[in-house]
Amino acid sequence: MLHGIGASEGIGIGTAVLVAEPDLDYSHVTPAGPEAEKARLAAAVDTFIQKTSALADTMREQVGEKQAEILSGQVMMLSDPYMQSQMNDAIDAGGCAEGAVDSVCQMYVDMFSSMDDEMMRQRASDVGDLRARLLGLLLGREAVDLSAVPAGSVLVARDFTPSMTAALRRENVAAIVTEAGGFTSHSAILARTMSLPAVLSVPGVTALVKNGDTLVVDGGEGVVLQNPEPSQLKAYRARQAELAAQRAALEQFRGLPTRTADGREVQLFCNIGSDRDLAAVLENTGEGVGLFRTEFLFLDRAALPTEEEQFQVYRTVAEGLAGREVIIRTLDVGGDKDIPYLGLKQEENPFLGCRAIRYCLGHQEMFRAQLRALLRASAFGKVRIMLPLVTRLDEVRAARALLEELKGELDRSGIAYDKNIPLGVMVETPAAALIADLLAREADFFSIGTNDLTQYTMAVDRGNADVAYLYSPLDPAVLRSLRAVIRAGKAAGIPVGMCGEAAADPRLIPLLLSFGLDEFSVSPAAVLSTRRAIAGWTAAGADAVAERAMGLATEAEVAALLKGISPR
Ligand code: PEP
Ligand code: MG
């Protein structure tokens with residue numbers, strides 16, 4: 001049995017098809033002079049744009065708008081004159097077209113993958129995909145055509161890229177297995193969207209498996225069986241039928257209000273990183289947006305987005321949600337999230353440095369443009385503004401003062417905005433949690449960012465695998481913090497939400513319900529399962545579990561209690 005990361009649930013049984021990658025070595029290429037190399041590059045770029053746009057159309061039809069956006073994003077990136085001029089500069093410096101593509105793409109890959117942010121790492125993988133295909137075009141060695149694999153294929157590849165996904169026919173593929181990629185990689189996200197069982201990061205799998213092997217892929221457990229015994233096959237087929245029934249049962253939660261078993265309604269919102277994610281929110285019947293990470297608007301470009309550009313995006317989201325709420329977070333840059341053109345200082349401890357609200361308050365011109373854009377967008381929907389990484393009340397006061405000043409400016413210019421636009425605090429530092437009662441007097445709402453709250457409470461870098469064992473929202477220290485923050489918000493009469501990954505963790509749901517959380521914000525794909533998990537609990541049942549959990553002394557005890565817990 002081979003082990004990897006279970007990245008997309010489900011059981012796939014079929015015949016192995018090894019997807020070999022083309023050899024992209026270009027060390028033998030000698031530059032034919034700047035003009036000739038630039039012409040080769042331009043021709044390859046044209047073909048790339050043509051082919052990728054066609055693939056995006058296929059994907060839009062077969063999978064959905066959101067997935068097609070990944071490919072059209074590559075087209076956009078490559079159509080950007082800035083990226084092309086960087087490549088031409090590399091050619092002028094004496095390189096061949098292949099070298100120019102390689103070095104410029106590598107620069108972007110390094111930039112994106114150095115950020116401790118799931119979406120940025122995905123972007124790194126998109127640029128990696130773009131580079132490989134552009135090199136393939138230049139060298140005349142394109143990847144295999146996945147649209148031709150026979151029904152019942154289990155694809156085994158080193159990595160599984162968005163363009164490979166676009167080409168495959170879902171009905172012919174039983175599962176995918178790769179050597180690279182994690183739970184939050186694009187391959188994983190696409191596989192989940194296509195309901196395609198996937199196990200990623202299986203060491204050496206492309207060498208261990210042979211074409212024609214029978215493979216059983218269990219995407220929930222993260223295991224792959226190679227040429228299993230008949231009895232194993234039978235057991236997995238039975239499990240496959242069971243899972244199909246469970247999936248069908250989840251459908252009944254599409255479009256329903258989110259309610260506990262005894263009728264308490266809570267809000268189930270979604271986290272998004274761009275206006276393009278709106279489609280997924282609506283498709284999965286999310287009830288609003290609980291976190292719009294605006295930093296993505298500031299990346300992939302050479303200069304700050306203007307107030308007008310930002311306004312257009314915020315307005316699209318506010319209008320698209322048609323009366324549902326959207327909580328837009330002001331720029332969370334700095335620390336681990338670098339944006340080259342901002343020229344951020346190198347810091348010894350970036351997580352403890354000039355990040356988020358600290359950076360924005362120190363760069364008023366930029367902050368004002370974002371706040372003005374947000375205010376203007378508030379005339380087109382239900383917009384709330386949220387401040388990240390707050391540690392002191394002063395920060396909320398300073399942001400509010402600025403907001404009031406900008407409201408005055410808009411009034412004088414006769415520009416419409418929501419005069420009661422709520423200004424909330426993202427509670428994600430121990431300082432904010434400890435003064436939640438003080439913050440609650442002046443904030444209009446809270447949203448708990450458990451990704452950072454866990455990191456700062458446990459004093460553990462959220463991206464450091466060596467100390468990952470300490471990074472758990474089930475730790476008594478984090479649980480006490482969550483309870484205190486929710487209680488402080490409730491006592492002050494303000495709504496409290498949660499937009500960290502923990503909001504979709506079924507183990508935590510009874511505790512969060514018992515503490516009184518009003519709003520859960522999860523990835524669009526987790527809406528139905530979270531709605532179902534919430535529907536399973538009554539107040540009495542959730543309270544009983546919370547009381548037991550809060551009486552335990554260690555994370556291991558809490559995890560053991562919540563592992564086998566069943567609702568009600
Ligand atoms: C968080 O910290 O929980 C959060 C939602 O924000 P981010 O992951 O963007 O830091
Ligand atoms: Mg955070």
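Order of listing sets the numbers, starting from 1, for every ligand and every atom in it.
Here the heavy atom of the protein found nearest to atom 6 (O) of ligand 1 is R329 NH1, 3.0 Å. With respect to atom 1 (C) of ligand 1, the closest heavy atom belonging to the protein is N451 CB, 3.3 Å.
Of all N/O/S atoms in E428, OE1 sits nearest the Mg ion (ligand 2). Within D452, OD2 is the N, O or S atom that lies nearest to the Mg ion (ligand 2).
The residues D518 and K490 are annotated as salt-bridged, a charged nitrogen and a carboxylate oxygen being separated by less than 4.0 angstrom. The pair R329-E295 meets the salt-bridge criterion, since a charged nitrogen lies less than 4.0 angstrom from a carboxylate oxygen.
When R293, E428, E295, Q455 are checked for heavy-atom proximity to atom 5 (C) of ligand 1, R293 turns out nearest.
Between T258 and R531, the side chains place a donor N or O and an acceptor N or O closer than 3.5 Å (distance only, hydrogens not considered).
Taking the ring axis of F311 as reference, the NZ or CZ atom of R376 stays within 45° of it and closer than 6.0 Å to the ring centre.
Interface of M426 with ligand 1, defined as ligand atoms under 4.0 Å from a residue heavy atom, comprises 1 (C), 4 (C), 5 (C), 6 (O). Near L291, the atoms of ligand 1 lying under 4.0 angstrom from a non-hydrogen atom of the residue are 5 (C). Counting atoms of ligand 1 from 1 in the listed order, those under 4.0 Å from a heavy atom of C499 are 5 (C).
By the 4.0 Å heavy-atom criterion, R355 is counted among the residues contacting ligand 1.
Summarising the local packing, CZ of R358 is surrounded by more than 12 heavy atoms from other residues, nucleotides or ligands at distances under 6.0 Å.
If you run side-chain contact (heavy atoms from CB on, under 4.5 Å) between Y314 and each of L297, V326, D275, only L297 comes through.
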Pair L389, F351 - check side-chain contact (heavy atoms from CB on, under 4.5 Å), show working.
CA-CA 10 Å; L389 209 80; F351 276 123; over 6 Å; no
Side chain to side chain donor-acceptor pair (under 3.5 Å) between Q106 and D110, worked out
CA-CA 6 Å; Q106 190 58 44; D110 290 346; 2.8 Å; yes
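Residue contacts with ligand 1 for M498 are absent, since no atom lies close enough (heavy atoms, distance under 4.0 Å).
Distances from the Mg ion (ligand 2) show that D332 has no N/O/S atom below 2.8 Å.
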